[in-house]
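Worksheet: the structure to be examined is printed underneath.
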Amino acid sequence: MNYQVNEKGYYGDFGGAYIPEMLYPNVEELRTTYLDIMNEPSFKKEFDQLLRDYVGRPSPLYFAKRLSEKHNTKVYLKREDLNHTGAHKVNNTIGQILVAKRLGKNRIIAETGAGQHGVATATVCALMGVKCIVYMGEIDIKRQAPNVARMKMLGAEVRPAKSGSKTLKDATNEAIRDWINNPVDTHYIIGSAIGPHPYPDMVTRFQSIISEEIKWQLKEKEGREHPDYVVACIGGGSNAAGTYYHFLEEPSVGIIAVEAAGKGIHSGESAATSQLGKEGIIHGCKTLLMQTPDGQITEPYSISAGLDYPGVGPLHSHLYKTARGEFYSVTDDDAMAAGLELSQLEGIIPAIESSHALAIFNDKKFRPEDVVVISLSGRGDKDLDTYIDYFKL
Ligand SMILES: *Cc1c(COP(=O)(O)O)cnc(C)c1O
């Protein structure tokens with residue numbers, strides 16, 4: 001069992017760095033330095049201190065008593081929703097801004113779809129006093145006005161991507177173009193466990209604080225470090241990668257991934273990548289992605305903006321192909337019901353992304369003695385309008 005990235009940047013058949021030649025120097029600089037930087041004691045010290053004092057870590061591991069009773073198993077929630085900015089994404093942006101500083105970069109670019117990664121990036125740029133440019137599709141700018149306002153308030157410049165479908169992939173193209181033109185002073189902060197090597201591994205390592213904490217927290221509460229299952233939703237796969245990381249080589253821990261089935265896996269409106277995807281190249285890596293027979297990327301759909309992505313990170317493609325992970329797809333309707341259930345059983349309103357992970361109980365029966373840890377990747381404040389419309393509240 002080996003689920004670490006190899007020297008060439010592959011997890012089994014997936015990963016690598018499929019990039020235009022003009023981007024090679026930027027990615028190569030990062031590839032040859034990221035591990036040394038992350039292993040420096042001064043880096044670790046600064047990262048840990050910011051996670052503690054700025055993000056508010058460790059995030060609690062909460063035993064959900066009423067949810068456990070309802071589903072007749074022991075459910076713990078890893079409370080990433082309580083982090084500063086309301087989700088796990090900030091673990092990664094803090095890490096990357098510290099890498100950028102040590103590489104001498106004083107300008108940050110990022111792409112964003114729903115705006116969550118843009119906000120997490122703008123946040124750490126404000127913290128460090130670094131210039132921040134966020135590329136966002138013109139259509140997404142209209143759809144996600146509150147997050148655009150947040151980014152502006154934090155001092156970031158939001159640049160519209162006006163080509164193609166004017167959504168996430170066009171914003172990504174613009175960001176890549178910017179990076180090619182500004183190789184010396186600029187770092188590109190990618191927001192999930194995707195992109196060319198070393199991004200998937202770097203992002204996974206920053207997010208691995210989630211499973212590092214689960215181990216000692218569970219030891220305190222249950223007398224053992226290893227749960228029976230870890231469960232997480234997958235968009236690009238960063239909260240999942242962080243939740244699984246320290247259990248990947250531990251066969252007693254079951255790994256469960258939950259994707260968005262949208263209106264149904266075969267409805268044509270879905271983001272169930274492992275079920276529908278074929279091997280292909282997206283954002284610089286080889287992975288499973290939804291595509292037409294001639295290789296054009298299919299527009300994904302999910303009610304949750306964070307899961308509305310046509311691929312998964314290469315680690316997850318590997319977990320799927322080797323059957324190390326069990327993959328499930330949850331519809332909009334089942335996710336919304338699970339979000340309402342958590343709100344009313346535990347007094348916690350989850351992000352709709354996280355609600356997908358919570359809907360696992362429809363598909364999988366656990367034993368009463370099982371310890372099931374679910375990544376509660378974010379809080380539901382940002383999704384209130386969607387919940388209101390859906391439930392006619
Ligand atoms: C962005 C987001 C996700 C999906 O991203 P991953 O990289 O797959 O973790 C999940 N939950 C929340 C709350 C998010 O904001």
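For ligands, and for the atoms within them, numbers begin at 1 and follow the listed sequence. Values below: all heavy atoms of this structure, side chains included; hydrogens, waters and symmetry mates excluded.
Listed by number with element, the atoms of ligand 1 under 4.0 angstrom from any heavy atom of Ser238 are 6 (P), 7 (O), 8 (O), 9 (O). Interface atoms of ligand 1 facing Gly235, defined by a heavy-atom separation under 4.0 Å, are 8 (O). Of all atoms in ligand 1, listed by their number and element, those nearer than 4.0 Å to a heavy atom of Cys233 are 10 (C). Ligand 1 places these atoms under 4.0 Å from at least one heavy atom of Lys89: 1 (C), 2 (C), 3 (C), 14 (C), 15 (O). Near Gly237, meaning under 4.0 Å from one of its heavy atoms, ligand 1 places the atoms 6 (P), 7 (O), 8 (O). Which parts of ligand 1 touch Ser377 is read off a 4.0 Å heavy-atom cut-off, strictly below it: atoms 10 (C), 11 (N), 12 (C), 13 (C). Heavy-atom proximity to Gly378, at under 4.0 Å, picks out these atoms of ligand 1: 13 (C).
Taking only nitrogen or oxygen atoms, main chain and side chain alike, Gln116 does not reach within less than 3.5 Å of ligand 1. Annotation: Gly191 places no N or O atom under 3.5 Å from an N or O atom of ligand 1; distance criterion only. Considering backbone and side-chain atoms alike, Gly236 places an N or O below 3.5 Å from some N or O of ligand 1. Considering backbone and side-chain atoms together, Ser192 places an N or O closer than 3.5 Å to an N or O of ligand 1. At a 3.5 angstrom cut-off on N or O pairs, Glu353 does not count as close to ligand 1.
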Under the side-chain contact (heavy atoms from CB on, under 4.5 Å) rule, what do Arg102 and Ser42 come out as? Steps first, then yes or no, please. CA-CA 11 Å; Arg102 279 161 178 78; Ser42 69; 3.9 Å; yes
Could you walk me through whether Tyr199 and Ile189 pass the side-chain contact (heavy atoms from CB on, under 4.5 Å) test, one step at a time? CA-CA 9 Å; Tyr199 279 100; Ile189 299 191; over 6 Å; no
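A centroid separation of less than 6.0 Å is found between the aromatic rings of Phe47 and Phe206. Annotation: His71 is in aromatic contact with Phe361 [ring centroid separation under 6.0 Å]. A distance of 6.0 Å or more separates the ring centres of Tyr76 and Tyr62.
Of the options Lys169, Glu259, His283, a side chain to side chain contact (heavy atoms under 4.5 Å, CB included) to Tyr309 is made by His283 and by none of the others.
Of the options Gly113, Gly306, Ala351, the smallest heavy-atom separation from atom 4 (C) of ligand 1 is shown by Gly306.
For the 3.5 Å distance criterion, the side chains of Asn362 and Tyr328 fail to qualify, holding no donor opposite an acceptor.
His84 and Tyr54 have perpendicular rings, their planes meeting at more than 60° on a 0 to 90° scale where under 30° would count as parallel.
Judged purely by atom type and a 3.5 angstrom limit, Glu80 has no side-chain atom pairing as donor or acceptor with the backbone of Gly86.
Contacts of His117 with ligand 1, taken as heavy-atom pairs under 4.0 Å, are absent altogether.
Closest non-hydrogen pair, Ala120 versus Thr93, comes out as O-OG1, 3.2 Å.
Using a non-hydrogen distance threshold of 4.0 Å, Glu80 does not register as a contact of ligand 1.
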